[in-house]
There are 2 protein chains.
Amino acid sequence: MANIREIAKRAGISIATVSRHLNNTGYVSEDAREKIQKVVDELNYTPNALARAMFTKNSKTIGLMVPNISNPFFNQMASVIEEYAKNKGYTLFLCNTDDDKEKEKTYLEVLQSHRVAGIIASRSQCEDEYANIDIPVVAFENHILDNIITISSDNYNGGRMAFDHLYEKGCRKILHIKGPEVFEATELRYKGFLDGARAKDLEIDFIEFQHDFQVKMLEEDINSMKDIVNYDGIFVFNDIAAATVMRALKKRGVSIPQEVQIIGFDNSFIGELLYPSLTTINQPIEALAYTIIELLIKIINGEGVLIEDYIMEVKLIERETTISLKDLDPASI
Amino acid sequence: MANIREIAKRAGISIATVSRHLNNTGYVSEDAREKIQKVVDELNYTPNALARAMFTKNSKTIGLMVPNISNPFFNQMASVIEEYAKNKGYTLFLCNTDDDKEKEKTYLEVLQSHRVAGIIASRSQCEDEYANIDIPVVAFENHILDNIITISSDNYNGGRMAFDHLYEKGCRKILHIKGPEVFEATELRYKGFLDGARAKDLEIDFIEFQHDFQVKMLEEDINSMKDIVNYDGIFVFNDIAAATVMRALKKRGVSIPQEVQIIGFDNSFIGELLYPSLTTINQPIEALAYTIIELLIKIINGEGVLIEDYIMEVKLIERETTISLKDLDPASI
DNA sequence: CTGAAAGCGCTAACAG
DNA sequence: CTGTTAGCGCTTTCAG
């Protein structure tokens, strides 16, 4: 692959001028520009970003750590993060941690070695591992260290909204299927939901899933639920798990929402494909992704940012798995 | 961030020896090894992959181009490609092309500039753009150029199996919802399906969707289908589109599979979450991903590979959206 | 077993 | 407006 020296030689001009032209930095005569561009086009020359990065100390790459890219919520996040990053001139390294601390640690080293300009750590399981990283980091959902910004949705409030909604719809025998304890986000949803119930003096049952979506694994969790039919309202910690729960219920002949109302969390695309379509709490993916990228790039550029929690508003998306009792067609019960 | 010179100085040893130790290449005395490792640990030193890449001409990175990472089939592919790549010591750049030629071209340049060791181009819309790339490339699904290997599932056969299955189940008024013409994969499914029908002298109707899954867009396509209720069997070009079709049918009160049988394609996780669960054609994601990575890395390493089409076997996954007529409970019709 | 030195491709002073 | 030059951090001959 050609290099800048080759271009300079063929154009009969020094490499400094070629560099200036390529980067549009400093003066270059129109005449020189043309000559250079001609050779650049002929040789299909592309500047070596690695060499450039070594000098400028900015590789223009960002490491994106996600639990798993096949998780519908995280891949929607990844999709828009990718777009924002690209618009800013950054390319993403894709890192699936599988919610596994060891894998996260390994990737952390890989990203470090590639001298990424910044790291987005979603649902991190690490702490001190980030202490000696001198690369800008922003955390999504799980907190890492005091000096690392955390971005998340207002999960607590979302949980509370979920409860209020079910309650409003008339549910009184309520179950919450909660996520693994190590997920701060689902833990907050649980707390919010619980506080909502307490405010109404209502007792609530809980089941904890041992893991998040990893194609097929949820089914096991579902099988462990026995008396799931005894409730009239269920709040599931995310949409994909809710889909699995819905499927299990239908298999047992339970009709939704007539017999059990369901509410999920995320508002990932899957909710709209289900039948009945899933009532859920929307996480503002665009706002989350935008905030993550903006903050990270500000830190990369040495601009000051407030070290604090950045919490984005959620909102209820009412669809078909919840329904007002008065709207119920008696015949369908 | 520390560099090798710093390590060498602190360890009182030359950088050459430090390098040898780090890469386990050439002789280094046990004594030297210890001294070096001690400093490496103290300083949390990680070798600069950029500098290394400049010298070795192998960046140990791979550019993964996918239409969109939120497409369930492609993100499952990405997930396992990522795992295989990591095991081989490669890290992935994530590139969403959105099935847009211009975006693909842009990313091609970006990947070139980052001097990726190889490129995986899924469903590429380009041709000549790849002619002057001196980076190993493998294509998934769409062919690019004669000298570029293409890996894909046996889509033709899959289409044929889909027809045979519906026919066997008793369907005679059949519709195929096909993908955009520029997708070689869905085009082959269409051809296979058509040939199956011809073999039985059966006339079949077709509808063409204008685009693949991009959260929300499919709904428009669905709305454009009027007489969708007049069929007893539908083959949809992929699972996610099938999910949308199922939802539309149920909204119109059509029962599946009693009135219409449905078969999708991909066997992405979504099929199992639907109710009834979706009969579909399995694409062997593991085998595809494995082949893609194996071939690409062989090319990167200069080992010879056969330039030809690598076609992986598909198989029918029978679930609940198709059913033998004799199994039908008359009461449920 | 170890070190000096050249060079990968680029950018940014600095001196014309 | 342009060219020379010194590195960025690393690996690898080639001499010891």
Side-chain angles (χ1 to χ4, degrees), chain A residues 1-37 39-40 43-61 89 109-117 134-135, chain B residues 1-37 39-40 43-61 89 109-117 134-135:
Chain A
M1 208 168 280
N3 62 27
I4 200 172
R5 212 153 274 131
E6 175 82 12
I7 305 294
K9 199 168 65 184
R10 296 212 189 195
I13 291 190
S14 79
I15 61 167
T17 305
V18 174
S19 176
R20 269 183 226 112
H21 166 64
L22 259 22
N23 298 294
N24 248 309
T25 154
Y27 299 101
V28 179
S29 69
E30 205 41 55
D31 182 51
R33 291 203 117 90
E34 276 171 27
K35 277 194 225 158
I36 296 168
Q37 194 54 47
V39 181
V40 165
L43 268 58
N44 190 27
Y45 168 75
T46 323
N48 186 327
L50 271 36
R52 185 177 282 174
M54 278 191 63
F55 189 92
T56 62
K57 303 287 179 198
N58 185 345
S59 59
K60 288 286 191 171
T61 57
E109 280 175 30
V110 171
L111 293 178
Q112 241 187 307
S113 76
H114 282 293
R115 298 296 190 264
V116 295
D134 40 11
I135 294 175
Chain B
M1 208 169 281
N3 61 25
I4 200 172
R5 209 153 276 130
E6 176 81 13
I7 305 293
K9 200 168 66 184
R10 296 211 189 195
I13 292 193
S14 80
I15 61 168
T17 304
V18 175
S19 176
R20 268 183 227 113
H21 166 65
L22 258 23
N23 297 294
N24 247 309
T25 157
Y27 298 102
V28 178
S29 68
E30 205 41 55
D31 182 53
R33 288 204 119 90
E34 275 172 27
K35 276 194 226 156
I36 296 168
Q37 195 53 48
V39 181
V40 164
L43 268 59
N44 190 28
Y45 168 75
T46 323
N48 185 328
L50 272 35
R52 184 176 281 174
M54 278 192 64
F55 189 92
T56 61
K57 303 288 179 194
N58 185 345
S59 59
K60 288 287 192 168
T61 57
E109 281 177 30
V110 171
L111 293 178
Q112 242 188 307
S113 77
H114 282 293
R115 297 296 188 265
V116 293
D134 41 10
I135 295 175

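Naming: A, B, ... by sequence-line order, numbering from 1 per chain. Any value given below was found using the heavy atoms of this structure, including those in side chains, with hydrogens, waters and symmetry copies removed.
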Completion exercise
Looking only at D/dT11, C/dT2, C/dC10, the nucleotide nearest the B/Thr56 side chain is D/dT11

Practice task
Report yes if at least one side-chain N or O of B/Asn23 is closer than 4.0 Å to OP1 or OP2 of D/dT11; otherwise report no.
Solution key: yes

Practice task
Could you state the atom-to-atom distance from CZ of B/Arg5 to P of C/dA4 in whole Å?
Solution key: 11 Å

Handout entry: For B/Leu50 against A/His114, the heavy-atom pair lying closest together
Key = CD1-O, 3.3 Å

Problem - Whole-Å distance separating the CZ atom of A/Arg20 from the P atom of D/dT4 - result: 11 Å

Practice task
Using whole Å, report how far CZ of B/Phe55 lies from P of D/dG7.
Solution key: 20 Å

Handout entry: Value in whole Å for how far the P atom of C/dC10 lies from CD1 of A/Ile7
Key = 8 Å

Fill in the blank from the handout: Nearest heavy-atom approach of A/Leu22 to A/Tyr45 is CD2-CE2, 3.6 Å

Exercise for the section: Ignoring the backbone of B/Ile13, work out which of C/dC1, D/dG3, C/dG3 is nearest its side chain. Expected result: C/dG3

Handout entry: Minimum-distance pair of heavy atoms, taken over all atoms of A/Ser19 and A/Thr25
Key = O-CG2, 4.4 Å

Practice task
Look at the side-chain N and O atoms of B/Tyr45 and state whether any lies under 4.0 Å from the OP1 or OP2 oxygen of D/dC10.
Solution key: yes

Completion exercise
To the nearest angstrom, the NE2-C1' distance between B/His21 and C/dG3 comes to 17 Å

Handout entry: Under 3.5 Å donor-acceptor, B/Thr46 side chain and A/Gln112 backbone
Key = no

Exercise for the section: Give a yes-or-no answer on whether the side chains of B/Asn58 and B/Arg52 include a donor-acceptor pair shorter than 3.5 Å. Expected result: no

Handout entry: Contact nearer the 5' end of DNA chain D, comparing B/Met54 with A/Thr17
Key = A/Thr17

Exercise for the section: For B/Ala32 and for B/Ala51, locate the closest nucleotide of DNA chain C by heavy-atom distance; then report the residue assigned to the nucleotide nearer the 5' terminus. Expected result: B/Ala32

Exercise for the section: State whether B/Thr25 places a side-chain N or O below 4.0 Å from either non-bridging phosphate oxygen (OP1 or OP2) of D/dT11. Expected result: no

Practice task
State which of D/dT4, C/dG3, C/dT11 makes the closest approach to the side chain of B/Ala16.
Solution key: C/dG3

Handout entry: Which atom of A/Ile7 lies closest to which atom of A/Ile36, heavy atoms considered
Key = CG2-CG2, 4.2 Å

Problem - Side chain to side chain, A/Glu6 and A/Arg10, heavy atoms closer than 4.5 Å - result: yes

Exercise for the section: Return yes if the base of D/dG9 and the side-chain atoms of A/Arg115 contain a donor-acceptor N/O pair under 3.5 Å, otherwise no. Expected result: no

Completion exercise
Whole-Å distance, A/Ile4 CD1 to D/dA6 C1', equals 15 Å

Practice task
Report yes if at least one side-chain N or O of A/Lys57 is closer than 4.0 Å to OP1 or OP2 of C/dT11; otherwise report no.
Solution key: no

Practice task
Compare side-chain N and O positions of A/Asn48 against OP1 and OP2 of C/dG9 and report whether any pair is under 4.0 Å apart.
Solution key: no

Exercise for the section: Give the rounded distance in Å between these two atoms: CG of A/Leu50 and P of D/dT11. Expected result: 13 Å

Practice task
Could you check which of D/dG7, C/dC1, D/dC10 has an atom nearest any side-chain atom of B/Pro47?
Solution key: D/dC10

Practice task
Nearest whole angstrom, please: distance from the P of C/dA6 to the CD1 of B/Ile15.
Solution key: 12 Å

Practice task
For B/Ser19, answer base if it contacts any base atom (sugar-phosphate contacts may also be present), sugar-phosphate if it contacts only those atoms, and nothing otherwise; contact means non-hydrogen atoms under 4.0 Å.
Solution key: base

Problem - Sidechain-backbone polar pair: A/Ser59 side chain, A/Arg115 backbone, donor-acceptor under 3.5 Å - result: yes

Fill in the blank from the handout: Axis-to-axis angle for the helix from C/dC1-D/dG16 to C/dG16-D/dC1, ends of five pairs each, to 10°, equals 40°

